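What follows is one structure encoded as structure tokens, with my remarks underneath.
Every value quoted in this text rests on a predicted model; they were computed, and no experiment measured them.
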Amino acid sequence: MHDGCTGSFGSGKAVVDKIRAMGFNTRPMPPGVKITCIECGGNFEMTHLETKCPSCEMVYGVTPCSTAYPERIKAAGKNY
């Protein structure tokens, strides 16, 4: 499912499942990581490794070693 710190996951759900299983989902993100929601188009800042879009509740996740790569932030689903 995951190959070290390459960020190679099959899906956003796999990313979120992994960080939840490791207890990392509540860890803070580095400041200033902004993304555009794929569901509603809203812009918001990722505050934690698992963050919900404040407008539509799409859940996003990223592994700790991928925080420097915004393209590795994955959508897992609404209210996932």
Side-chain angles (χ1 to χ4, degrees):
M1 174 171 72
H2 178 54
D3 183 21
C5 279
T6 63
S8 59
F9 283 91
S11 70
K13 287 182 179 182
V15 172
V16 172
D17 288 346
K18 179 71 170 175
I19 61 175
R20 285 177 180 172
M22 296 172 69
F24 294 159
N25 57 316
T26 59
R27 282 193 180 178
M29 284 281 289
V33 179
K34 296 184 184 195
I35 66 169
T36 300
C37 181
I38 64 165
E39 179 71 18
C40 70
N43 295 310
F44 66 98
E45 186 170 344
M46 289 278 295
T47 57
H48 294 83
L49 296 183
E50 178 184 333
T51 302
K52 248 185 208 184
C53 172
S55 298
C56 72
E57 300 187 343
M58 176 65 78
V59 174
Y60 290 85
V62 67
T63 59
C65 57
S66 293
T67 58
Y69 306 96
E71 68 275 7
R72 293 185 182 170
I73 297 170
K74 303 283 186 184
K78 290 179 84 169
N79 290 310
Y80 183 71

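Looking at residues two or more places apart in sequence or on another chain, you find a salt bridge (Lys or Arg N to Asp or Glu O under 4.0 Å) between Arg20 and Glu50. With sequence neighbours left out, the ring-ring contact (aromatic ring centres under 6.0 Å, His included) criterion links Tyr80 to no other residue.
Summarising the geometry of Thr36 relative to Gly41, their closest heavy-atom pair is CG2-O, 3.5 Å, with the distance given to 0.1 Å. For the pair Cys40 and Ser55, the tightest heavy-atom approach, listed with the atom from each and the gap, is SG-CB, 3.8 Å.
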### Query
Passes side-chain contact (heavy atoms from CB on, under 4.5 Å), Cys37 versus Cys56? Steps please.
CA-CA 9 Å; Cys37 181; Cys56 72; 3.5 Å; yes
### Task
Would you sort out whether Glu45 and Thr51 count as a side-chain contact (heavy atoms from CB on, under 4.5 Å), showing the intermediate values?
CA-CA 9 Å; Glu45 186 170 344; Thr51 302; over 6 Å; no
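Cluster partners of Leu49 are Ile19, Met22, Phe24, Met29, Val33, Ile35, Ile38, Phe44, Met46, Met58, Tyr60, Val62, Ile73, counting Ile, Leu, Val, Met, Phe, Trp and Tyr whose side-chain heavy atoms approach within less than 4.5 Å, directly or via other members.
The 12-atom threshold is not exceeded at NZ of Lys13, counting heavy atoms of other residues, nucleotides or ligands nearer than 6.0 Å.
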